[in-house]
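I have placed the structure first, in the form of structure tokens, so that the comments after it can refer back to it.
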Amino acid sequence: MKISYNWLNEWVDLSSLKNPKDLADVLTARGLEVESIESQGKGLEKVVTGQIILKDKHPEADRLSLCKVNIGAGSEYLDIVCGAQNHKQGDMVAVAQVGANLPNGMKIEKGKIRGVVSMGMLCSEAELGFKKESDGILILPPKTPIGWKLADVLALDDTILEIKLTANRGDCLSHRGIAREVAAALGLQLKAPKVREFTGKGSPIRVELDAGEDAPQFFGAYLTGVKVGPSPGWLKTRLESIGQRSINNLVDVSNFLMFEYGFPVHIYDAGKIRGQVIRVRKSTSGETLPLLDGGEVTLTGEEILIADGERPIGLAGVMGGGNSEVSDETRNVFLECAEFNPTLVRRAAFRFSRRSEASLRFEKGIDPRGHREATARLMDLVVKLAGGEPAGEVMAELPSRSGFKAKTIETSADFLNSFLGTEIPREKMVSVFQSLGITVEQKSGGEQKGDAGFNLTPPTYRLDLTIKEDFAEELARTIGYDAIPATIPVLTGMPKSRKGDSKRHRLVTMDRIKDVLAGLGLREALTYAFQSEAWLSKFGMKSSVKILNPLSEEQGFLVPSLLPGILKAYQENERHHFGSEPLSVRLFEIRPVFSFSGEKIEAKGEAETGVVERFRLSLLLSGPRLDQALKSERGEIDFFDLKAVMESLFDQLKTRGIRTRAADTTILGSQSHLYHPGQTLQLTAGKDPVGFIGRIHPRLESELKLSRPVFWGEIELEPVIALTPEKEVSFKAWSGFPTIERDFALLVEETVASESLVQSALKSGKPIAKVVKIFDTYKGAHIPEGKISIGVRVIFSDESKSLEEKQVDQCAEQIVQKWKDEFQASLR
Amino acid sequence: MSVHSEIEEKGKAALNQILEAQSLEQLDGFRVSVLGKKGSLSEALKQLGQVPAEERPKLGALANEWKARIEAAIESKKNDLESLKIEADLKKTRIDVTLPARKVHLGALHPITRTIRKISETLGRIGFDVTTGPEVETDFMNFEAVNIPKDHPARDMQDTFFLGPGVVLRSQTSPVQMRTMREEKWPIRILCPGAVYRCDSDATHSPMFHQIEGLWVDKKVSMADLKGVLDFFAKETFGSQVKIRLRPSYFPFVEPGAEVDVSCAICAGRNPHCQVCKGTGWLEILGAGMVHPRLFELAGYSPNEVSGFAFGMGVERIAMLLHDIPDLRLMFQGDERFLKQF
């Protein structure tokens, strides 16, 4: 909200402040944050008025003129080159002298333009910061004095403060409201204007309140013989200073009152009100109303309407009707100053996209006891600016308003001090509250210091003060938050034990996963939780959670998988990659994915949404294995690098029970197009699939135009967390007896999974075959087509004794026999 | 030739040969040819039997003396030859140690993760514990439970993404406050980090960003306690020289409410052109206040029994300050050039 320093000064004496910055500090310290201070004359310090004495053509350029400008006694005439076309000899102009720093950022220097020295510039309105764009230079009225500062001539002596008001301070949406705060801060009285008596009698138009508590009061006045015309200069200055456009004296007056008093009011052409009656009522569904902005709205039955004897003439709190609008011919007017239900006004303003300064004030709530004074002030202003005779007043109030009393809150100095952590004397509290217009009723507590307590009643314009904590804030912001000491709170009770807390285990495990993956050379990425439908469909995915009001289609759906996001991140890296150094990308992300399986997303009770969030881990590797080594040593990342990341992760976490198997198209199922069916592992926990890791499917790779193979994977984290022990690792002693090794070269069909040979040997070699390892594979010379030679090493040991060769041979034989039976393997 | 002179001669000849040996193998050959069973010196000694008995000890001593001299010469030559061989090997195995290392690709944690951890660690030291909540929330938890009823003007403060009737992407981490209070008894001392969402996007706003929220509920918790905790947090995070400033402000879930600034750690307010604080000397970093009694009622606590404070901050904001990150959007692009720096 914009506040004019000069305007504010009419309401409270600002002379004790050094400058507007001082005022800003006072306001900010009270919770009225001043965002900017704009001095109107800023940038115009070296701009003066001048008269063009001579205008010649520029010798070198037809489109330029060479002017001699008089900027007053004591200065020589200035030679100025000008590119505009709208000036002539004798014109009064704004002259920016050398050294000026204009509001549009332009710096004026002495310079040659096409070979002719120019000692300044004749300014346009855009250059002076008055308008965004302008044609030609500003021509001032002929009677403008010469050699004055332009800011003085135009009375640009005001300073505008932009205040960021918090949602609870509707009372400060006016100069009067801000003045009240300043007065409280500086210990001053308001300089309120004197207003007429408002009797509420004699209006030829009567008012009927038919909307119950949704419109509990309506003050009106009838004035005859007004003259619609332009506003006087002072009024224009006031409104323009805070960014409002001057329209005519009546419109301007109602705006002025709103920005001065905080009361939105409306002025009707009384001649257009039919039936000598104003009815405030709820709309009926389907009813239409032409608005004064030229639009028409169809009402829903939820709005409050102002109607006359025949039809609606205004949308209460939002906008007046086009059918009752003041025009140049208007002679008699009817003034409205009323109260409407803030929620209904807010909804109507949103519904019809017509939020305005007025609806904003209704929404935030207006002093329910201020309408009488505001209406009187409005009458005074109309009479002063548009002439006319008051010809009757009307007021309609429901008992909730005529008998209105602000709620009284009981509290005590002890409570306030304990709550704030302060030691403010009771008397100081009382004076603070009184400075804010709060009525303090001290309870008789005898001689006891502090405890007695008091009853506090806020002024009717401060209905945001409803609980004792609100008064604590009033106190704190008046003495200043700086005056509150800083202490560290005392720990009471036992700190919560988190052992056995599954939530805690989850957080700790996810943190550990991040640490391990970073240790394995991956970089943590964070991608958006939303993607476009089109992008997801590239991966054959469809989200079950749609954002109803997305910022753009790009962010329309919550992700069912982290893969589309991490691939986008990969592409981002590919996009900006250039030069001959290889691109190396190794990313991981831990974030939830979202799914919904019901009919319709809808809240169930207070805490349930039905949308499921499951944390997943995504991995993506691509590029050279050693990206910083010599070219010959770099190697290329392949599937086994990715597999190593996964295995190392589970080894580090001591996660037990995640099994893997080669994932062909059948196993891949709905994910078939994501992964290469010959280079992918499925992870399972028990029977439950937990995810896949593998090479991106070559088809997808080419569809996405990836420049190189990508190895990626996605793993459900909840099962991994469940299989990761919370318990600390227990030490296990190793066997002190020697181990015996046997190496085998097995010839098998190349489709045999080597891991199954390992598992088979571990099983058939129980209990002494402790470790089985694939140590080599070979295809080529001496190996028949379609077969592969696999080198398997079995390591035998026993915890309690040295093994005998015979025992090992026997066991080895069993193992080999099983291989032969199960895999048709032969020894080479 | 006398035996004596034969020993002398053969010994001298052997010494000469040894000195001229070119390799360890050659040297070994000489050893055998001189000292071996059939070596020249041994052969000479065999003739001892033919000399008179009284001369034998003398000749024996002479032969042993020569034997020792030859062995010493072999040993010394052997050392020389070995050194030469190592020298030669060293030359052969020299590498350019300034060539690039076979460095592994270094991993990194996202600055958001790092910042959340830093804050959690700092405040963990004075008693806070981390907890989290869902990102898809009910309207009730996101708004009403934090004292923002329907049609409350404060709803304008936040542009919320809607997923269905009464279901939103949380616009703040505050719902975790209510969820925790409803699940647990006081005292409560929690930090809730996590992603939040608002319909806003430019260099300083992202539709998804992160907050970390703190809540402390107990008997007799005061606003001075809030100030103490924030002061500790600011000093630990930005340096012991920084100060904090609380300005009155409004958030529906606290009363009194405050916006909290830290003094500019870069210029301490001394540089009117400071890029970080824009010359104001202060940086706004969080919102805070005393928990509104309405929240206690909704949580099933008695507002007469407990009081508390809450604070919330944008993690990106803190991360940007800590790491001099100029543009918020860098956080979510997965750009390795960005990620590798942390």
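Letters go in sequence order (proteins before strands), and every chain restarts at 1.
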If one checks every heavy atom of B:Phe232 against chain A at 4.5 Å, the contacting part turns out to be side chain

Parallel, tilted or perpendicular: which fits the ring planes of A:Phe530 and B:Tyr197, with parallel below 30° and perpendicular above 60°? perpendicular

Bottom line for A:Lys600: the part with an atom under 4.5 Å from chain B's heavy atoms is side chain

>> Whether the side chain of B:Asp218 engages the backbone of A:Leu491 through a donor-acceptor N/O pair (distance < 3.5 Å, no angle test) should be reported.
In response: no

- request: Start with the C-alpha distance between A:Ile488 and B:Asp225, add both sets of side-chain angles, then the distance that settles side chain to side chain contact (heavy atoms under 4.5 Å, CB included), and finish with yes or no.
  value: CA-CA 5 Å; A:Ile488 289 288; B:Asp225 292 337; over 6 Å; no

The interface call for A:Val611 against chain B, heavy-atom contacts under 4.5 Å, is side chain

Given side chains that start at C-beta, do those of B:Lys227 and A:Pro485 come closer than 4.5 Å, heavy atoms only? no

Honestly, the part of B:Ala145 sitting under 4.5 Å from a heavy atom of chain A is neither

Ranking B:Cys199, B:Pro100, B:Gly166 by heavy-atom pairs under 4.5 Å to chain A gives rank one to B:Cys199

ask   = Sub-3.5 Å donor-acceptor pair from the side chain of A:Gln628 to the main-chain atoms of B:Ala101, do we have one?
value = no

When the 4.5 angstrom heavy-atom criterion is applied to B:Phe338 and chain A, the contacting part is neither

Between B:Glu135 and A:Arg591, does at least one N-O distance fall below 4.0 Å, as a salt bridge requires? yes

Given A:Leu517, A:Leu507, A:Thr527, A:Leu32, the one with more heavy-atom pairs under 4.5 angstrom with chain B than any other is A:Leu507

So CG of A:Leu416 and OG of B:Ser222: to nearest 0.5 Å the spacing works out to 13.0 Å

Can a donor-acceptor pair be found, under 3.5 Å and without considering hydrogens, that links the side chain of A:Glu613 to the backbone of B:Val136? yes

Side-chain heavy-atom pair A:Thr609, B:Met141 within 4.5 angstrom cut-off: no

Within-4.5 Å side-chain heavy-atom neighbours: B:Leu163 and A:Ile547: yes

**Message:** Closer than 3.5 angstrom, by distance alone: can the side chain of A:Glu473 be matched with the main-chain N or O of B:Gly257 as a donor-acceptor pair?
**Reply:** yes

Most heavy-atom pairs under 4.5 Å with chain B, out of A:Glu602, A:Glu572, A:Arg586, belong to A:Arg586

Exercise. Less than 4.5 Å apart, any side-chain heavy atom of B:Asp129 and any of A:Arg504?
Worked result: yes

To the nearest 0.5 Å, atom OG1 of A:Thr166 lies from atom CD of B:Glu259 at 9.0 Å

Under 4.5 Å to a heavy atom of chain A? For B:Val229 that would be both

> Sub-3.5 Å donor-acceptor pair from the side chain of B:Thr138 to the main-chain atoms of A:Glu606, do we have one?
Replying inline: yes

When the 4.5 angstrom heavy-atom criterion is applied to B:Phe309 and chain A, the contacting part is side chain

Output for pair (B:Leu226 CG, A:Ile484 CD1), nearest 0.5 Å, gives 8.5 Å

Okay, B:Lys340 and chain A: the region with an atom under 4.5 Å from a heavy atom over there is both

Honestly, the part of A:Lys568 sitting under 4.5 Å from a heavy atom of chain B is neither

The interface call for A:Leu558 against chain B, heavy-atom contacts under 4.5 Å, is side chain

If one checks every heavy atom of B:Arg117 against chain A at 4.5 Å, the contacting part turns out to be side chain

- Look only at the side chain of A:Asn549 and the backbone of B:Thr160, and say whether a donor-acceptor pair between them is shorter than 3.5 Å. yes

With the side chain counted from C-beta on, respond yes when B:Met290 and A:Phe419 share a heavy-atom pair under 4.5 Å apart, and no when they do not. yes

Scanning both residues in full, the closest heavy-atom pair of A:Glu524 with B:His110 reads OE1-N, 2.9 Å

Original post:
Are the side chains of A:His576 and B:Arg337 in touch, meaning some heavy atoms are under 4.5 Å apart?
Top reply: yes

So CD of B:Glu183 and NZ of A:Lys503: to nearest 0.5 Å the spacing works out to 5.0 Å

Max heavy-atom pairs within cutoff under 4.5 Å with chain B, candidates A:Ala525, A:Ala629, A:Gly521, goes to A:Gly521

*Is the shortest heavy-atom distance from the side chain of B:Phe161 to the side chain of A:Leu551 under 4.5 Å?*
yes

When the 4.5 angstrom heavy-atom criterion is applied to A:Leu522 and chain B, the contacting part is backbone

Next item on the list: Check the pair B:His292 / A:Ile467 against side chain to side chain contact (heavy atoms under 4.5 Å, CB included), numbers first and verdict last.
Entry: CA-CA 10 Å; B:His292 197 285; A:Ile467 52 175; 3.5 Å; yes

Whatever's closer than 4.5 Å to a heavy atom in chain B on A:Phe415 counts as neither

Whatever's closer than 4.5 Å to a heavy atom in chain A on B:Leu169 counts as side chain

Quick one: does A:Arg523's side chain have a donor or acceptor within less than 3.5 Å of a partner on B:Leu106's backbone?
yes

Per-residue tally against chain B (heavy atom, under 4.5 Å) across A:Pro592, A:Gly605, A:Ala472, A:Ser584 peaks at A:Ser584

Worked verdict on B:Val254 versus A:Glu469 for side chain to side chain contact (heavy atoms under 4.5 Å, CB included):
CA-CA 9 Å; B:Val254 287; A:Glu469 288 80 1; over 6 Å; no

So do the side chains of A:Thr492 and B:Lys219 get within less than 4.5 Å of each other, counting heavy atoms only? no

Between the CE atom in B:Met223 and the CG atom in A:Leu420, the distance rounded to the nearest 0.5 Å is 6.5 Å

Rounded to the nearest 0.5 angstrom, the OG1-CZ distance for A:Thr28 and B:Arg247 is 7.0 Å

Cut-off 4.5 Å, heavy atoms of chain A, and the answer for B:Glu284 is side chain

